[in-house]
Amino acid sequence: LQVVPADASHDQIIRESLRIAGDKVTCERNIDVAHPYTGKVIATIPKASVEQVRKAFSIAAAYRSTLTRHERYRILMRAGELIAARREQFARLITLESGLCLKDSMYETGRASDVLLFAANQALIDDGQIFSCDLTEHGKRRKVYTMKEPLLGVISAITPFNHPLNQVIHKVAPAIATNNRIVLKPSEKTPLTAYALADVLYEAGLPPQMLSVVTGDPKEIADELLTNEHVDLVTFTGGVAIGKYIAAKAVYKRQILELGGNDPIIVMEDADIEEAATLAVSGSYKNSGQRCTAIKRMLVHERVADQFVELLVEKTKALHYGDPFDAHVDMGTVIDEAAAIRFENVVNEAVAAGAKLLVGNQRQGASYSPTVLDHVQPQMTVVREETFGPVSPVIRVSGIDEAIRIANGTAYGLSSSVCTNRLDYITRFISELNMGSINVREVPGYRLELTPFGGIKDSGLGYKEGVQEAMKSFTNTKTYSLPW
Ligand code: NAD
């Protein structure tokens with residue numbers, strides 16, 4: 001594991017190599033990785049050729065894992081222990097490549113250990129079913145049994161930048177738990193943690209043929225990751241545009257697509273406004289607002305909107321943002337300057353169209369300050385599209401009908417937060433919001449790493465992730481029947 005110096009302005013450049021079935025393979029061509037806060041190059045990663053990607057898939061396809069459930073459990077538990085023991089190092093690596101503050105990256109490493117713990121335990125569970133066949137008059141004296149088998153082919157996994165460790169581990173750990181082989185392509189913006197994770201898994205005893213990691217120019221290698229003859233399943237987390245490209249390209253491959261979100265927090269007139277504002281702030285700014293389930297719209301009942309907005313502004317101003325390596329900072333940078341400029345532009349556009357800027361919209365490089373906008377209209381770009389950054393746009397609503405209509409009024413359907421204690425409201429939200437999750441008095445992103453998670457509409461095909469669901473997707477169900 002690369003040791004990240006305490007000083008973010010270090011000069012030592014990390015030189016990464018591919019991991020082809022555990023072998024470190026260098027390439028003639030490389031890609032620079034910069035620390036978003038300083039803009040300085042901190043690492044180079046290999047730009048794999050299509051041939052190298054093919055090699056990763058053919059080695060994986062030729063290998064059949066014979067690991068027992070107990071052995072998979074041990075590997076996953078051991079990897080969790082190694083990450084926990086090196087938690088600080090992992091957190092610093094995440095911060096270095098992503099600009100996420102140390103508080104966020106420490107939290108992320110903790111989540112990764114949870115994923116490994118759950119995957120290890122799920123590996124011990126045989127979820128086969130038994131059906132007696134004497135259920136109808138056509139029945140026989142037999143039983144039908146089900147069993148889960150790993151895929152015959154290989155899993156191709158593609159991940160986004162926003163959680164350099166957690167996005168990756170949510171694909172790799174369930175793959176190991178189900179005895180699959182996986183080739184991973186992390187985001188070229190945040191690839192270092194993925195390479196470090198692979199090394200931890202090899203160290204924990206994973207047969208190296210079960211995991212390869214490649215990086216490169218997606219324009220060159222992405223199609224190979226989607227169409228290689230050995231690929232049985234593509235699991236992708238990222239934006240809608242690429243998700244839909246994959247849907248069209250990866251023909252006759254099983255597809256798990258976890259795409260963007262535009263999650264609302266809905267604050268009704270009876271809500272505890274202090275609690276709602278606290279949830280709004282944490283849901284909007286954690287991870288610099290770069291979570292698929294970050295709060296991207298705040299739909300607030302007009303009767304409590306003034307009170308809510310006052311608290312929201314107060315709590316936003318109390319947030320410390322800046323140097324991500326400063327342990328006291330609550331929010332680091334966003335991923336790069338281009339992203340920060342995009343937020344600035346959509347906020348300026350909203351203000352020009354009549355929204356009121358109450359705090360923020362300050363940018364320096366990839367640092368973008370937490371921003372509150374009031375009197376936002378649903379058709380404004382800042383809320384109609386996914387704003388993947390620390391922006392809190394408040395839309396005032398007259399009641400539950402309007403709240404539900406606006407909440408459902410975007411292309412997305414990932415998750416949501418509703419702040420109310422009225423059971424009639426709660427039951428309506430749960431049944432009428434077209435989202436994958438509804439969290440009452442919690443941020444949209446709340447979940448266990450084990451529980452089903454994922455969206456509908458443009459947020460995904462309705463297949464869920466979370467360790468248990470991912471394990472179901474990563475297996476084939478075989479049935480066999482016996483005389484009984
Ligand atoms: P992105 O879609 O730009 O990139 C994701 C990955 O796709 C990267 O690894 C990239 O290299 C790769 N890629 C690029 N071109 C490709 C191609 N033609 N074919 C296949 N892969 C290709 O996303 P991003 O900017 O890294 O991440 C932000 C997005 O991810 C946001 O929209 C966010 O909402 C979404 N996201 C969704 C979830 C979820 O679980 N639903 C979680 C986190 C992030």
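Read the numbers this way: they start at 1 and go in the same order the structure lists the ligands and their atoms. For reference, positions follow the sequence shown, starting with 1.
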Item to check | Closest candidate by heavy atom, reference atom 28 (C) of ligand 1, pool Phe388, Tyr412, Phe453 | outcome: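 Looking at heavy atoms only, Phe388 sits closest to atom 28 (C) of ligand 1.
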
Item to check | Selected option - heavy-atom contact closest to atom 10 (C) of ligand 1, from Lys464, Glu386, Gln167, Lys185 | outcome: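 Minimum heavy-atom distance to atom 10 (C) of ligand 1 goes to Lys185.
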
For [X], take its heavy atoms, then give the atoms of ligand 1 lying under 4.0 Å from any of them.
| X | value |
| --- | --- |
| Asn162 | 43 (C), 44 (C) |
| Gly260 | 32 (O), 34 (O) |
| Ile158 | 6 (C), 7 (O), 9 (O), 12 (C), 20 (C), 21 (N) |

Please determine whether a side-chain nitrogen of the Lys or Arg among [X] and [Y] lies less than 4.0 Å from a carboxylate oxygen of the Asp or Glu.
| X | Y | result |
| --- | --- | --- |
| Arg111 | Glu449 | yes |
| Arg291 | Asp263 | no |
| Asp232 | Arg254 | no |
| Arg86 | Glu203 | yes |
| Lys464 | Glu258 | no |
| Arg396 | Asp374 | yes |

Ligand 1-proximal atoms of [X], by part, heavy-atom distance under 4.0 Å:
| X | answer |
| --- | --- |
| Leu225 | neither |
| Cys292 | both |
| Ile335 | neither |
| Glu188 | side chain |

Does [X], backbone or side chain, put an N or O under 3.5 Å from an N or O of ligand 1?
| X | value |
| --- | --- |
| Phe161 | yes |
| Thr159 | yes |
| Pro218 | no |
| Leu259 | yes |

So which protein heavy atom does [atom] come closest to, and at what separation?
| atom | value |
| --- | --- |
| atom 35 (C) of ligand 1 | Gly238 O, 3.2 Å |
| atom 23 (O) of ligand 1 | Gly239 N, 3.5 Å |
| atom 27 (O) of ligand 1 | Pro160 CB, 3.2 Å |
| atom 7 (O) of ligand 1 | Phe236 CE1, 3.3 Å |
| atom 13 (N) of ligand 1 | Ile242 CD1, 3.7 Å |
| atom 19 (N) of ligand 1 | Ala222 CB, 3.3 Å |

Checklist entry - Could a heavy atom of Gly261 be found less than 4.0 Å from some atom of ligand 1? => result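 Heavy atoms of Gly261 do come under 4.0 Å of ligand 1.
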
Checklist entry - Is any side-chain heavy atom of Ile169 less than 4.5 Å from a side-chain heavy atom of Ile83? => result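 Yes, side chains in contact.
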
Next on the checklist: Ring of Phe453, cation from Arg447 - is the NZ or CZ under 6.0 Å from the centre and inside 45° of the axis?
Outcome noted: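 Because its charged atom sits under 6.0 Å from the ring centre and within 45° of the axis, Arg447 does stack over Phe453.
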
Checklist entry - Between Lys286 and Tyr107, is NZ or CZ placed under 6.0 angstrom from the six-membered ring centre and within 45° of the ring axis? => result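 Satisfied, under 6.0 Å and within 45°.
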
Next on the checklist: In terms of relative ring orientation, are His35 and Phe325 parallel, tilted or perpendicular, with 30° and 60° separating the classes?
Outcome noted: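 Judged by the thresholds at 30° and 60°, the geometry between His35 and Phe325 is tilted.
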
Item to check | By side chain to side chain contact (heavy atoms under 4.5 Å, CB included) - contacts of Ala339 (at least two apart) | outcome: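 By the side chain to side chain contact (heavy atoms under 4.5 Å, CB included) rule, Ala339 matches Val334, Ile335, Asp336, Arg342, Phe343.
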
Item to check | Donor-acceptor contact present, side-chain Arg181 to main-chain Leu152, <3.5 Å | outcome: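 It does hold such a pair.
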
